[in-house]
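Data first, discussion second: the structure below is written as structure tokens.
For the numbers below, each heavy atom of this structure counts, side chains included, while hydrogens, waters and symmetry mates do not. Note that the numbering runs from 1 along the sequence shown for the chain.
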Amino acid sequence: MSDLRFIHVALPVPMRRIFDYLPHPEQQIVVGGRVRVPFGRRMMIGIVVGESDHSEWPVEQLKAIDEVFDQTPIWPPSLLDLFKWAGRYYQHPIGEVLSHALPKKLRLGEQPNSADIEVWQLTEAGAAQDSQSTKRAPKQWQLLELLKAGAQERATLSAQGVTGATIQAVAKKGWIEPAPLSALNESACCQPTQPPATTEQSIAITALCSRLQGFSVSLLEGITGSGKTRVYLDVMAQVIAKGKQVLVLVPEIGLTPQTLSRFRNHLGVRIGLVHSGLNDSERLAAWQAARTGELPVLLGTRSAIFTPMANLGLIVVDEEHDGSYKQQDGFRYQARDLAVMRARNEQVPLLLGSATPSFESLANVEAGRYQHLTLTERAAGGQLPQIAAIDMRQQVMSGPLSAPIINAMEQHLQDNNQVLVFLNRRGFSPVLLCHECGWFAECQRCNRPFTWHKGFRRLVCHHCQVERPVPHQCDSCGSTQLVPVGQGTEQLEEALQAQFPQYPVVRIDRDSTRRKDAFENLVADVQRGHYRILVGTQMLAKGHDFADVTLVIIADVDGALFSSDFRAGERMCQLLTQVSGRAGRAGQQAQVLLQTHYPDHPWVQQLQTEGYQQVAQALLAERKQAQLPPYAAIAIIRAEANDETKVAEFLASAESVLSEAARGVNDKGGVIVMAPGPCAMVRKAGRYRWQLALLAPQKSAIQQLLNQTLGEIEGSKLAQVVRWHVDVDPHDTV
Ligand code: ADP
Ligand code: ZN
Ligand code: ZN
């Protein structure tokens, strides 16, 4: 029996282990290939992660592999290694990690092929049309305009807001026709002449291009509007010229039509996209084109980091501080950190860019691990806006904004500019209160006030999304005097429209952009000058160029000053700097006004006088003092259940397992196991939530401790009763 082989298969099940099977009677299996196997009473598709002549299970209990899908591995070994590492590091079952990394069609057993890439080009008749012929169909005209620059694939068109229906309608008129794949490369050669790089840009480009061999990480810290994208593009062009591929990660909202056309025009090559609007075939087609090496550039959000690339030469992570790189449920990974590991595994350079780098990256610069490049001037001229705090304590408030702010707005609007008013709270008001008895409408599942959405005529819980009709009477005393307390963007929009009837106001938040493409359309309308006053949430803060905005108002700074999350200061300063950076991008002198009751607060002061870099240094010094990340590592175990005592018991038993094992680990690294306690929001969607934090000077110590103990914790009875998960390097800690 010595020639018996056992196949180790990772299956997408929430168990931290590998399953053993006997080989398929006829077909060859490969490590890294997909197989179908019997699992319990069903069949499941998994990935072969190894084979050996040893199994912990008795041979007679093992079943044979039912079907083999791949003759070659799905991923190169370096990427499979990365995924295995990620599973261990983030303490997530390897089968789920691998399944997460696959496009859905491959998870279902289909074969990768690039046959279904749909490419469209203009016909002669289409090229001859003008905007008059599509007067009543602006979407059709948009499509014709897009294709004037050359053929495009459907996935690219859909990222620019073109629907399948529009394509069909225009094709029926004979204005567009399917084109061969080769048309893509021919079409993308319309590089308009670029303005020369600025001196600072040239220095950064030269430094980066001298490091295109082997692994390195560079942090490009450039103020908003300094032209970081230009630097990426010039470096990417050099990599592509060598026949290599580039992977570019952008934040969730960063993948705009403008970004795409900028990349296309500058690089003159086909750009593949990975974004949430793709259908499964498009996703697979992009994946396959990247994997075979035929796609020079892949541009995508967080999950694009899992895409194999035959000939990777560079990874770029734009706005590297952005929270959307952290997956917040299921497989909780941080895509920027995976990019570092991937670049190391594949021996390629990694370029991180931001106006407000994460403290993790700043600490890596400080430790000499990352090369630091800076852009301190705006590329198109102009200064960073002046920031000033408006002390609300001395103001008589007749509406949501104080008199000095209204006056400043008046002035900027009269000068024909746009004004952006930022408030990070959706809805009309965060509380609906009974004027007579003090009762307020509260979500029974979260014990938090409902937000009143006047436009939808609903009360919505922003924590569990539950909705109910707006009551006409107080539940407690029956009074009909229900009054809104506090304000959200909806109320601000209403108040501003009343204050400035002659200037059109637009609101941009998750509610006003629910429909597909609504966000892109609103942004385009703002850029065309249809609106003069922009009210919105952080959707407005991210990377958009609003050339005519010269005044930015931050309506409420104070909320963030009270958060107990140790990252609150970092996030607030990033957000304020990013929002401020929307102003004055076309070179005009711009202004930022912060409304606050705490004008003397250190961050508020420092942001006014010194800017992000200095605030970051001060806050980093505090982190070092307090031994918090990035100078220490954290992992959190969170648990939730309808019964609070079960949650407390589960975490108490986890604590004792961890503390016991920590004694062994402590000789080397010292892991502090904190006592479990309720989360800041103890009840959500009806379930009670508690957490337990682990702290250590080294990430490896936490990893070692979790590796030793999770099996036991997972095996406990309570672990089956409560919902729980491990979050390594958590984004939120309260
Ligand atoms: P960032 O990403 O750093 O905020 P962008 O790359 O969006 O900055 O550039 C900001 C603006 O400056 C854009 O309008 C861009 O076209 C312009 N720009 C970038 N580089 C140059 C340059 N070398 N000369 C002139 N304008 C430039
Ligand atoms: Zn009442
Ligand atoms: Zn709720």
Any side-chain heavy-atom pair of [X] and [Y] under 4.5 Å:
X: I637; Y: W724; result: yes
X: Y503; Y: L496; result: no
X: H435; Y: S479; result: no
X: E319; Y: S354; result: yes
X: V217; Y: R369; result: no
X: W452; Y: L482; result: no
X: P630; Y: L620; result: yes
X: C437; Y: C474; result: yes

As an exercise, state the distance from [atom1] of [X] to [atom2] of [Y], rounded to the nearest 0.5 Å.
X: L362; Y: R623; atom1: CG; atom2: CZ; answer: 10.0 Å
X: H453; Y: H462; atom1: NE2; atom2: NE2; answer: 3.0 Å
X: Y90; Y: L338; atom1: OH; atom2: CG; answer: 5.0 Å
X: W603; Y: L594; atom1: CH2; atom2: CG; answer: 13.0 Å
X: T577; Y: R582; atom1: OG1; atom2: CZ; answer: 11.0 Å
X: D509; Y: F519; atom1: CG; atom2: CZ; answer: 11.0 Å

Would you say the side-chain atoms of [X] pair up with the backbone N or O of [Y], donor to acceptor, closer than 3.5 Å?
X: Q595; Y: D391; result: no
X: Q411; Y: N407; result: no
X: S324; Y: E252; result: yes
X: Y370; Y: L352; result: no
X: Q327; Y: D329; result: yes
X: T374; Y: T376; result: no
X: E570; Y: C573; result: no
X: E436; Y: C477; result: no
X: N424; Y: Q538; result: yes
X: R332; Y: V726; result: no

Legend entry - Derivation and outcome, side chain to side chain contact (heavy atoms under 4.5 Å, CB included), residues E320 and E360: CA-CA 10 Å; E320 62 90 30; E360 279 70 18; over 6 Å; no

Legend entry - Polar contact flag, side-chain donor to acceptor under 3.5 angstrom, Q527-D525: no

Compare every heavy atom of [Y] with every heavy atom of [X], then report the nearest pair and how far apart it is.
X: P471; Y: W439; value: CG-CH2, 4.5 Å
X: I406; Y: Q499; value: CG2-NE2, 3.5 Å
X: R689; Y: R683; value: CD-C, 4.3 Å
X: V535; Y: T489; value: CG1-O, 3.8 Å
X: M409; Y: V421; value: CE-CG2, 4.1 Å
X: L420; Y: V579; value: CD2-CG1, 4.2 Å

Do the charged groups of [X] and [Y] touch, with an N to O distance under 4.0 Å?
X: D727; Y: R638; result: yes
X: R571; Y: D732; result: yes
X: R302; Y: D322; result: no
X: K699; Y: D729; result: yes
X: E490; Y: K454; result: no
X: R567; Y: D565; result: no

Inset, instruction - Start with the C-alpha distance between H597 and D558, add both sets of side-chain angles, then the distance that settles side chain to side chain donor-acceptor pair (under 3.5 Å), and finish with yes or no. - result: CA-CA 7 Å; H597 290 93; D558 298 348; 2.9 Å; yes

Inset, instruction - Please test F566 against T733 for side chain to side chain contact (heavy atoms under 4.5 Å, CB included), starting from the C-alpha separation and ending with a verdict. - result: CA-CA 8 Å; F566 73 86; T733 55; 3.6 Å; yes

Inset, instruction - Starting from the C-alpha separation in whole Å, work towards a yes-or-no answer on side chain to side chain donor-acceptor pair (under 3.5 Å) for E366 and N364. - result: CA-CA 5 Å; E366 187 187 22; N364 277 316; over 6 Å; no

Inset, instruction - Take R510 and T537 through the side chain to side chain contact (heavy atoms under 4.5 Å, CB included) test and state the conclusion after the steps. - result: CA-CA 8 Å; R510 235 184 324 131; T537 56; over 6 Å; no

Legend entry - T356: which of Q613, E221, Q574, Q578 passes side chain to side chain donor-acceptor pair (under 3.5 Å): Q578

Legend entry - side chain to side chain contact (heavy atoms under 4.5 Å, CB included) between E640 and K684, worked out: CA-CA 9 Å; E640 57 177 56; K684 187 169 169 179; over 6 Å; no

